[in-house]
Amino acid sequence: MSEIFKGIPEIKFEGKDSTNPFAFKYYDAKKEIMGKTMEEHLSFAMAWWHNLGATGVDMFGRGTADKSFGASSQGTMEHAKAKVDAGFEFMKKLGIKYFCFHDVDLVPEADDINETNRRLDELSDYILEKMEGTDIKCLWGTANMFGNPRYMNGAGSTNSADVFCFAAAQVKKALDITVKLGGRGYVF
Amino acid sequence: MKMAVEYGRSIGFTGDFYIEPKPKEPMKHQYDFDAATAIGFLKQYGLDKDFKMNIEANHATLAQHTFQHELRISAINGMLGSVDANQGDPLLGWDTDEFPCNVYDATLCMYEVLKAGGLTGGFNFDSKNRRPSYTYEDMFHAFILGMDTFALGLVKAAELIEDGRIDDFVKERYASYNDGIGKKIREGSTSLKELSDYACDMKAPELPGSGRQEYLEEVLNNVLFK
């Protein structure tokens with residue numbers, strides 16, 4: 001697999017006098033503070049949604065950042081896997097050991113929840129493969145129960161029992177994926 | 001949520017469930033307004049043993065609280081779990097999810113985290129680049145900024161604790177509860193009648209000790225910029 005963030009080196013600690021834009025000035029992972037290393041105190045995590053998904057789109061304008069990461073079309077499993085590749089290269093270069101996700105950050109949602117769940121199984125297998133041989137782990141997972149129009153009246157507080165069941169199904173699957181990826185927590 | 005706990009435990013999930021308090025967006029009113037509201041909700045429904053708080057800085061300020069306040073409320077209830085590390089813009093009234101650059105706030109955050117003995121979760125950068133920062137390089141600059149900000153916060157919070165002046169002040173401020181009637185109040189071994197008799201015997205109390213707000217702020221600056 002080819003490098004995505006070409007020309008950007010592994011980020012190292014250089015100290016407060018460094019002017020290198022690609023170096024830490026204060027974060028010294030192995031430095032001990034009150035009996036623990038900085039890395040142990042500060043379990044930093046990458047948010048899948050913002051870092052690998054957000055393009056800068058807001059209510060005033062279209063996105064400015066290209067987050068295709070080399071995939072030929074977005075909203076596909078090819079793109080979902082390219083995001084995994086980009087995410088792992090990014091975390092390795094920064095020395096970040098954890099990631100967090102919503103279910104729909106990982107894969108494009110299908111019309112049929114059974115197909116969405118199948119995609120989540122496939123993509124989480126791919127993430128597990130990438131985790132092998134690294135010390136990168138899942139910090140927490142969650143289910144996005146606000147973006148889809150079906151949640152316009154809420155998820156746990158919706159007026160529709162059918163929609164409530166879809167929310168429950170998403171929580172169940174997101175819990176499955178969180179456990180599969182060894183997540184420390186699960187967020188509501 | 002009860003069903004989620006039941007299912008999670010049945011498939012071997014041993015970690016914490018977290019609630020991330022947020023006062024608004026998308027709704028005007030939300031059940032998880034702030035840490036105090038969410039903790040009350042969890043206790044009401046018997047979920048407080050399985051859930052902790054995931055405190056997001058920008059959600060704290062949207063609720064008109066400081067980040068530190070939300071962390072402290074969670075910690076004193078034994079429910080400080082994880083942190084969403086970001087910051088809002090005080091001039092904008094919405095959840096801007098900016099990368100944290102405010103060392104003052106990060107120091108007070110890390111002070112709370114160190115005092116609480118750490119997190120069961122971690123520091124998730126629920127933060128995004130600004131719209132004009134659109135390159136791959138910007139993604140790295142953002143994380144370098146956030147990680148350096150919290151590293152500085154950690155270093156300075158440890159110095160604040162080692163310095164001891166703030167902790168000494170807090171100890172002295174509440175010293176009247178260490179013995180005598182104060183100790184009985186703490187232990188719950190007195191009554192409203194005994195307290196009333198105590199007050200009536202005194203006739204009028206002295207003013208309580210000074211709050212020393214400006215002195216404490218100077219101590220903080222002194223540690224931050226030494």
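First the proteins, then the strands, lettered A, B, ... as listed; each starts at 1. Atoms considered below: every heavy atom in the structure, side chains included; atoms not considered: hydrogens, waters and symmetry mates.
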Step-by-step side-chain contact (heavy atoms from CB on, under 4.5 Å) determination, B:I161 to A:M34:
CA-CA 10 Å; B:I161 290 167; A:M34 293 179 83; 4.0 Å; yes

[X] versus chain B, heavy atoms under 4.5 Å apart: side chain, backbone, both or neither?
X: A:I11; answer: side chain
X: A:F99; answer: neither
X: A:F44; answer: both
X: A:V187; answer: both
X: A:L139; answer: side chain
X: A:I33; answer: side chain
X: A:A23; answer: backbone

Any side-chain heavy-atom pair from B:L154 and A:M38 closer than 4.5 angstrom?
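The answer is yes, as the side chains (C-beta and beyond) meet within the 4.5 Å cut-off.
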
Polar pairs (donor with acceptor) under 3.5 Å from chain B to chain A:
from, atom 1, to, atom 2, distance (Å)
B:Y7, OH, A:D176, OD1, 2.6
B:Y7, OH, A:D176, OD2, 3.4
B:D16, N, A:R184, O, 3.4
B:D16, O, A:Y186, N, 3.0
B:Y18, N, A:Y186, O, 2.7
B:Y18, O, A:F188, N, 2.7
B:E20, N, A:F188, O, 3.2
B:D97, OD2, A:H50, NE2, 3.0
B:T120, O, A:R184, NH1, 3.3
B:G121, O, A:R184, NH1, 2.6
B:F123, N, A:S43, O, 2.8
B:F123, O, A:A45, N, 2.8
B:F125, N, A:A45, O, 3.0
B:D126, OD1, A:W49, NE1, 2.9
B:D126, OD1, A:H50, NE2, 2.9
B:R131, O, A:T64, OG1, 2.6
B:R131, NE, A:G56, O, 3.1
B:R131, NE, A:R62, O, 3.0
B:R131, NH2, A:R62, O, 2.4
B:D148, OD1, A:K25, N, 3.3
B:D148, OD1, A:Y26, N, 2.9
B:D148, OD1, A:Y27, N, 2.8
B:D148, OD2, A:K25, N, 2.9

For A:F24 and B:M147, work out which heavy atoms get closest and say how close.
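Where A:F24 meets B:M147 most closely, the heavy atoms are CZ-CE, 3.6 Å.
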
Within a 6.0 Å radius of atom OH on B:Y174, are there more than 12 heavy atoms belonging to other residues, nucleotides or ligands?
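No.
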
Around atom CZ of A:F164, are there more than 12 heavy atoms from other residues, nucleotides or ligands closer than 6.0 Å?
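Incorrect, the count does not exceed 12.
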
When rounded to the nearest 0.5 angstrom, what is the spacing between CZ in A:F90 and CE in B:M139?
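Reported value, rounded in 0.5 Å steps: 5.0 Å.
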
State the CZ-CG distance between B:F143 and A:L94, to the nearest 0.5 angstrom.
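Rounded to the nearest 0.5 Å, the CZ-CG separation comes out at 7.0 Å.
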
Given a strict heavy-atom distance threshold of 4.5 Å, which part of [X] is in contact with chain A: side chain, backbone, both, or neither?
X: B:L145; result: neither
X: B:V113; result: neither
X: B:M27; result: neither

Best-contacting candidate, A:F146, A:F13, A:F69, against chain B by heavy atom pairs under 4.5 angstrom
A:F69

Choice from B:I19, B:V155, B:L152 maximising heavy atom contacts with chain A below 4.5 Å:
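When all of B:I19, B:V155, B:L152 are compared, B:L152 has the most.
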
